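Heads up: the structure comes next, in structure tokens.
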Amino acid sequence: MSLKLYNTLTRTKEAFEPIDPAHVRMYVCGPTVYDFAHIGNARPVIVFDVLFRLLRHIYGADHVTYVRNITDVDDKINARAMRDFPGVPPVEAIRTLTETTYGQFQADVAALGCLEPSETPRATEHVETMVALIERLIARGYAYEAEGHALFHVPAMPAYGALARRSLDDMIAGARVDVAPYKRDPMDFVLWKPSSADEPGWPSPWGRGRPGWHIECSAMSLATLIEPFGGGFACDDPLKNTFDIHGGGIDLVFPHHENEIAQTCCALGTPQMARVWMHNGFLQVEGEKMSKSLGNFVTIHELLADWPGEVLRFNMLKTHYRQPIDWTVRGMEESWRVLDDWYAATADAGPGTVAPTVVEALSDDLNTPKAVAELHGLRSDPAALAGALRLLGFLADTPAEWAARRPAASVDAAAVERLIQARLAARKARNFAEGDRIRDELAAMGVSLKDGKDSATGEPVTTWEVKR
RNA sequence: GGCCACGUGGCGGAGUGGUUACGCAGCGGAUUGCAAAUCCGUCUACGGGGGUUCGAUUCCCUCCGUGGCCUCCA
């Protein structure tokens, strides 16, 4: 079975072939770290984690490089840093803010069962590469300097708009572009902009300033996925100046990814920045657009207080990554029920191999809902179910740890045990009325019972758990 | 205004030009002292209207609805 991925560039599902057959290179746009990440931010992180795991499964763990950047220079970050750290030098202030925020992000996504990417470069550590890229673009006639800014000249690149399938005419018809006086063309976008004294800034041939948003991804992918593999400024082999997969949210298609492509392709002289462009769909909350004004802006951190990370992960993967998701409490409850069942079913399972049907489903453009259906089909084969679940990033808990994630509320375990013993005694005496009364009493405490027999002695035994 | 997605049974959610998705819930049965858990079985569907076709949920057009991008955004 071969891996097929939907490519936004061609709007079709294509057979995936890495440029280097023995090594896959993937770049995903990471978080802008100025505040807690919300559940929408979690979607690409989880989706591309599954792809990372699948690629490692297919090509081998040492044959995949997954880069997810950290955007730690941005006007929202600047504003937050100035608010929170007044009087601190700006570059230092944003570093402090972004260190903290990224730490929160890491904790969140680890709880969601996501592997650490191979590399997590920070924009502020690649400013020199950004400057070098911009210099190259200016030297090659694709960019120009104006009033302390460096700007990419969009009309210089005939292929501009290919990813978003948008012609320059369409864009001008939209007429929502910022027309600054120093722009040669309304569509030109900023590569570098000047910083005031209280804004973070770095030296450059165009004066002290900071990068535009898009250039950082061109620089970091160049530094992590192209140069270490033989490409770069000194290389004029287009294939060496290309990597395999670039991912992110669908909202990034335009302008962010379009501009990344423009910068990288024009600077490195390659017709393609990445071969495959993948974009995850958007998320709504309880049927409504998530927004701070509606009050339904929900962070990963908040959700993790009430729900196991694996419940959030499973809830995300029940839907195909390109489909819209409606994120609901009801959905999370159902996800939890299913995982409860699988944790119970795999409690005694050994290390299982991964069922081909699951890999096959995932290999069809990451069809996780299909994979979930296959998982249900493995319900009676604990080892196979466990193996497939682990491939997907589940079963990080032991069964006991998992069970303990149900809020135990104020249940007194010793008292529950006493009541259960009393009930067992009553039942043994065939006093079923008393036994049922005790069961009702426990139910009122939120405790549900599961009766069984000891497989060795045949004696009745009762286990219990707290139901919400 | 321009461009682009999506709309499947009570709910979640795949897929397909003619054949059971799957799960949750429900219902029926087995089991149980009665239940719970488990196992077996089972009902409900493809937004509206046209068209193409022997036949469309699946292709085309259109309408309605929801969402995205065009400005920061996963």
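The chains referred to below are lettered A, B, ... by the order of the sequence lines, with proteins before strands, and numbering in each begins at 1. These numbers were taken from a predicted model, which means no experiment stands behind them.
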Q | Candidates B/U38, B/A74, B/A25 - which lies nearest the side chain of A/Arg337 | A | B/A25
Q) Contact class for A/Leu283 vs. all strands (heavy atom < 4.0 Å): base, sugar-phosphate, or nothing? A) base
Q: Using the ring-ring contact (aromatic ring centres under 6.0 Å, His included) rule, collect all pairs that involve residues 428-459 of chain A, keeping only residues at least two apart or in two chains.
A: none
Q | Under 3.5 Å on both distances, the Watson-Crick or G-U partner of B/G41 | A | B/C27
Q | Close approaches to RNA chain B from residues 424-440 of chain A, in residue order (heavy atom, under 4.0 Å) | A | A/Arg427, A/Phe432, A/Asp436, A/Arg439
Q: Establish, with yes or no, whether the OP1 or OP2 oxygen of B/A14 is under 4.0 angstrom from a side-chain nitrogen or oxygen of A/Lys318.
A: no
Q) Which one, B/C72, B/C6, B/G33, comes nearest to the side chain of A/Arg423? A) B/G33
(Q) For A/Trp336, does the six-membered ring have the charged nitrogen or CZ of A/Arg405 within the cation-pi criterion, i.e. under 6.0 angstrom from the centroid and within 45° of the normal? (A) no
Q.
At less than 4.0 Å, is any side-chain N or O atom of A/Asn315 found next to OP1 or OP2 of B/G12? Yes or no.
A. no
(Q) Ignoring hydrogens and geometry beyond distance, is a side-chain donor-acceptor pair present between A/Tyr160 and A/Asn259 at under 3.5 Å? (A) yes
Q. Who does B/A5 pair with, Watson-Crick or G-U, both distances under 3.5 Å?
A. B/U66
Q) Counting just side-chain N and O atoms, does A/Ser448 come under 4.0 Å of either OP1 or OP2 of B/A36? A) no
